[in-house]
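Every heavy atom of this structure was used, including side-chain atoms; hydrogens, water molecules and symmetry mates were not. Each chain gets a letter, A, B and so on, in the order its sequence line appears, and its residues count up from 1.
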Amino acid sequence: MSGERVLLEVRNVCKTFDNTVKALDGVSITVHKNEVLSVVGENGAGKSTLMKTLVGVHQPDSGELYFMGQRIPFPKNPLEALKLGISIVYQERGVIPHLKVYQFLLLGLESKFTRLGRLQLKKIFEVSRSVFEELGIKVSMDAYMYELQLSTQKMIEIARAILSIRLAVGNGHNKDITPLIILDEPTAPLSMEERDELFKYILDLKENNSFIFVSHIIPEVLKFSDRVYVLRDGKIVAHHELSSENVTEDLLFREIVGRVSYYELYSKYQYGVAEAKEKPIVLSVRQMTKKGFFQDVSFDLHEGECIGLFGPAGCGKSEVAKALFGIIHADSEKIYVGGIEIKPKSDPYERMRRGIGYFSGDTGKELFLHWPIRKNLSIVNFEKITRRQLKIVSIINFNIEKELAEKIMKRLRIRAPSVNTECHSLSGGNKQKVSVGKWLEKSPKILILEDPTIGIDVGAREDIYEALLEMKRNGISMILVSDDPKEYVILCDKVLTMREGKIQKVYSNEEFRRVMEA
Amino acid sequence: MRGNPALWAIMGLILIFSAIVPDKFLSTSNLVAILRNFAVTSMLAVGPTFVILLGSIDLSYMGIWMFGGALVWLAYPYLGLYSIFLYPLFGLLIGLFNGVVHVKAKVPSFILTLAMTAILAFLTTYVRNISGVLTLTVPAYDFLRASPIPYIPSPFLLALPTIILSIFLMFFTKIGTYICAIGSNEEGARLAGINVERYKVLAFMISGLLVGLGSIAIFVHLGNQTRVDFDPSELIRGLAAIVLGGTPLAGGLGGPHRTLLGAMIYVLIFNGLFLLPGVDPNHLKLYIGTLLLSAVIIASKALKGALIA
C-alpha cells in the first residue's frame with residue numbers, strides 16, 4: 001500500500017465507559033484519500049464512539065493517530081478536528097427549517113463574514129453561490145430549508161461540513177488538505193429515490209474529498225463504498241476491499257451479527273408453531289402502499305401467530321409497522337381486523353379500540369419518565385382499574401391499580417423498590433420491561449413489536465421474550481420488526497422478507513433458520 | 001410527599017409573619033381575610049392548571065370571570081336566581097371554543113386565550129357603559145354573602161365545590177391522567193392509544209368550567225358584582241399561583257393540588273407584606289409582577305435540577 005494514498009490511520013484505539021463497558025477494544029482503521037469508506041455494525045457495536053474519537057468529542061483511553069504519515073495527538077475538540085480537515089454530519093442534528101439556504105450553510109460561521117458587527121451579505125451570497133456551484137447543488141438562494149427535499153437538505157449539510165473545514169484550515173498552508181467527511185447514518189429518514197440521489201452526489205464529491213459512511217444498511221454499503229470495516233462488540237472483525245473482493249450481502253450480514261446457533265436458540269424457547277394455520281385470521285392487510293417507503297404489502301395474520309417482517313434497514317419494514325398502528329399514514333390501505341375494515345388513515349387510538357397494540361424498544365418515546373411505574377402500567381388499562389364504568393367519568397380504584405402493577409412487576413421481574421418508583425431512575429432493561437408490561441394486562445388482539453429489546457442486556461431480554469411468548473400462547477397475534485435475526489427465530493412462526501418496500505418471500509421458522517445457518 | 005417545597009414555603013411564611021407581627025398577623029379578622037383571598041386566588045388558578053398540565057396555557061379565566069358576571073346581571077331580570085348558573089355554563093362554552101380552535105386551527109393557546117380575555121373584558125366594560133350604571137351588582141344574591149359557619153367566610157365555602165371537583169378530576173378519573181400524559185410525553189400518549197385531540201379540548205373545557213364555577217365565589221366576595229375594568233395584575237395573580245405551586249409551564253407535572261398550595265403562598269406573601277411597617281400598598285402591582293418573575297425563574301431552575309438528577 002503506497003503511503004501517499006493514506007489520509008489518516010488509527011491504531012489500537014481503546015475506549016471504556018463507566019469503567020465497565022468496553023466500547024472500543026483495540027480498533028485500527030486506515031482512511032485513504034478520495035474514497036468512500038464504510039463502517040458497519042449493529043447498534044452498540046462501537047461505530048459512533050469510534051467516529052466521535054475522530055472528531056474530538058470523545059478522548060480514547062489509548063491508541064495512536066497518524067495523519068498523512070505523521071503521528072499526532074487525537075483532536076481534543078471538534079475545532080481541532082476541523083483544523084485537520086475532519087468534520088461530521090450527524091444523523092439527527094437536523095436542519096433548521098425556517099432558515100434560508102445560505103443562512104443555514106453559514107450557520108455558526110458568521111464571524112468569518114462580519115465586519116464591525118454587521119453581516120457582509122454580499123460576501124455571504126458570493127461564497128454560498130460559489131460553494132453550491134462548485135459542489136453541484138442546484139438550489140435557489142432564496143429557498144427555505146423546509147422547502148427542499150430531504151436529500152438536498154443532507155447535501156447542504158455536507159457542503160456546510162466541507163466549508164467549515166476550509167474556513168478552519170485557513171487559506172495559508174495545508175491548502176492541499178483532503179477534507180474527510182463522516183456521515184453518520186445519513187440515509188435513515190430518506191426514501192429510496194432520495195437515497196440514490198444523495199449517493200450520486202457523494203460519488204461526485206469523492207474526487208476531492210474522503211467520506212466515512214457509518215451505516216447498517218447493507219445494500220447501500222456494498223453499492224457505494226470502496227472499502228468496508230465491520231465492527232462487532234468494539235472490535236474490527238472484518239475488512240473488505242470491494243473493488244477486488246466479491247462480497248455478498250449475506251456474508252456481510254453474517255459478519256455484522258456474528259455466529260449464533262439458531263437451532264439452539266429456537267429449542268431453548270420452543271413453542272408450538274404448527275397449529276396456527278387452523279386458527280381464524282385476525283388481521284388481513286391488503287395492498288398497503290406508501291410512496292417511497294413500501295408498496296402493495298399484503299398478508300394474513302392468524303390468531304396466536306407471530307409474523308416477522310425481515311429485511312435490511314431501510315427496506316420499509318419499520319414503516320409498515322408504524323402504518324399498521326396509524327403512527328404514520330399509508331397512501332392507500334385495506335386493513336381488516338376480525339373481518340371488519342379499519343378506517344384508512346385513522347389514528348392510533350382508533351386502531352387500539354379495534355384491538356391493535358404497538359410496542360417499541362424506544363422507551364424515551366413510550367414512557368412517561370417522571371411518572372411512577374404504577375401509572376405507566378395502567379395508562380392503557382383504565383377499564384381494568386376503574387370502579388365503575390360510567391360513560392365519561394370512571395373512578396379509579398387505587399387498590400386494583402396497585403395490585404395490577406405489582407402483578408406485572410413480579411411477572412416481568414422488574415427490579416424497583418416499589419410500584420411508586422419513578423421510571424427515570426430505572427435501568428434501561430427495566431424501563432423496557434415497564435413499557436412492554438402494560439400490554440400484558442391489556443391483551444390486545446394484535447401486538448406490533450418494533451425492536452422490542454434494542455439496547456438492553458441479555459437477562460432483561462430473556463424476561464421480555466418469555467413474556468411475549470406467554471402472550472402468544474394466550475392467543476395474542478404479533479407482528480415483529482427488528483434488526484436482530486435471533487429475535488425472529490425466537491418469536492416468529494412465519495417470516496416475510498422485504499426488500500425495497502416489497503415483500504419478497506415467505507419462510508417458515510424452520511426455513512428461516514436454515515437460511516440463516518447456511 | 002418527598003420534600004414538597006410549596007408546603008415548606010407556606011410553613012416558613014406563617015412562622016416569619018407570626019414572629020414579626022404576631023398580633024396583626026394572627027388576629028381573627030386577618031385569618032378570615034387570608035381565607036377569603038385564598039378562595040379568590042385559587043378560583044382563578046385551579047381551572048387553568050389543567051391546560052398548563054398539557055403544556056399549553058389558558059389566560060381566558062379573566063374574561064370568563066368578568067363577562068360571566070355581566071351575563072348574570074343581564075339575565076337576572078329573566079331567569080331570577082337561576083341566572084348564577086350561567087357562570088359555569090358560559091365558562092364551559094368558552095373552554096370548548098378555545099379548545100376546538102387551539103386543536104383544529106392550531107392557534108397558539110397563549111394568543112388565543114389572551115385575545116379571548118381582551119374581547120370579554122371589553123364587552124364587560126361595554127355592557128356597564130351602555131347600561132348607564134356604575135357597577136353590575138345583583139343585590140338579590142346578598143343571602144350568599146352570609147356564612148352559616150362563624151369565622152369561615154362564605155367565598156371560601158363557595159370555592160369548596162370547585163376545589164373538590166378539580167382534585168377529583170385530577171386524581172380519581174382517567175381524564176386527569178390522560179391530560180398529564182399528553183403534557184408529559186405527547187408522542188407516548190398517542191402511542192398509548194389516547195385520543196390526544198379530544199383530551200386537549202377536554203382540558204380547555206374543564207378549565208373554563210372550573211373558572212366559571214369558581215367565579216361565583218369571587219362574585220360574592222366582591223359584593224355580588226363582577227369586575228368591570230381590566231387589570232393585568234389580576235391576570236398575573238392566577239398564573240403566579242400556578243407557578244408558585246410548582247406546576248411548570250412546560251406541563252406534565254403538578255396539578256390543581258399544587259396550585260392550591262401556590263395560591264396559599266401568594267396570599268400569605270401579600271397579606272403579611274402589607275402588615276409590615278413601611279410597605280406601601282400603592283406599590284402592590286410592582287410586587288405582584290416581581291413575584292411572578294422570581295417564581296418563574298426559580299421554578300425553571302428547580303426543574304432543570306430535577307431533570308438532571
Side-chain angles (χ1 to χ4, degrees), chain A residues 322 325-328 346-360 362-372 374-390 392-398 401 420-425 434-435 438-439 442 444 448 450, chain B residues 1-3 53-55 92 103-104 164-203 205-206 209 246-248 250-255 258 302-309:
Chain A
K322 288 191 171 76
F325 193 54
I327 301 169
I328 59 173
S346 53
D347 286 327
Y349 71 93
E350 291 167 88
R351 303 199 178 204
M352 201 166 112
R353 210 177 289 152
R354 297 291 303 280
I356 305 182
Y358 169 89
F359 165 72
S360 100
D362 186 353
T363 46
K365 230 162 56 183
E366 290 241 326
L367 285 182
F368 305 97
L369 288 174
H370 44 247
W371 278 12
R374 168 176 59 84
K375 278 177 84 181
N376 267 299
L377 290 174
S378 60
I379 186 82
V380 296
N381 291 309
F382 268 100
E383 69 286 345
K384 292 228 162 106
I385 60 163
T386 47
R387 234 180 270 259
R388 206 175 300 125
Q389 195 67 39
L390 294 170
I392 321 167
V393 191
S394 33
I395 302 168
I396 298 170
N397 185 330
F398 290 105
E401 189 189 31
N420 289 317
T421 308
E422 288 178 15
C423 284
H424 59 75
S425 64
V434 172
S435 193
K438 58 177 184 271
W439 298 109
K442 176 76 180 174
I448 298 161
E450 204 180 334
Chain B
M1 272 286 140
R2 169 170 46 98
L53 275 177
L54 283 180
L92 192 67
V103 168
K104 295 287 176 199
I164 292 167
L165 183 60
S166 70
I167 298 289
F168 172 77
L169 285 173
M170 181 67 205
F171 290 104
F172 296 90
T173 71
K174 70 175 179 187
I175 299 173
T177 312
Y178 279 10
I179 288 174
C180 208
I182 294 169
S184 165
N185 177 356
E186 190 168 333
E187 176 72 5
R190 194 166 271 125
L191 292 182
I194 294 173
N195 186 342
V196 172
E197 294 196 347
R198 175 193 288 175
Y199 280 90
K200 278 188 171 176
V201 175
L202 213 53
M205 287 169 73
I206 290 171
L209 175 72
T247 303
L253 281 174
R258 290 300 196 91
L303 183 68
K304 255 184 222 157
L307 288 179
I308 292 164

(request) Can you see which heavy atom on Phe368(A) is nearest to which on Gly188(B), and at what distance? (result)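 The answer is CZ-C, 3.8 Å.
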Side chain / backbone / both / neither for [X] at chain B, heavy atoms under 4.5 Å:
X         : result
Leu367(A) : backbone
Phe325(A) : side chain
Phe398(A) : side chain
Lys375(A) : side chain

Could you state the interatomic distance from [atom1] ([X]) to [atom2] ([Y]), rounded to the nearest 0.5 Å?
X         : Y         : atom1 : atom2 : value
Arg190(B) : Tyr358(A) : CZ    : OH    : 13.5 Å
Leu253(B) : His370(A) : CG    : NE2   : 4.0 Å
Glu450(A) : Leu191(B) : CD    : CG    : 10.0 Å
Phe382(A) : Ile175(B) : CZ    : CD1   : 10.0 Å

Mind checking whether [X] and [Y] have side chains closer than 4.5 Å, heavy atoms only?
X         : Y         : result
Cys180(B) : Trp371(A) : yes
Phe168(B) : Ile395(A) : yes
Tyr178(B) : Ile379(A) : yes
Ile194(B) : Met352(A) : no
Asn195(B) : Asp347(A) : no

(message) Would Ile327(A) and Glu187(B) count as a side chain to side chain contact (heavy atoms under 4.5 Å, CB included) here? Give the steps.
(response) CA-CA 9 Å; Ile327(A) 301 169; Glu187(B) 176 72 5; 4.2 Å; yes
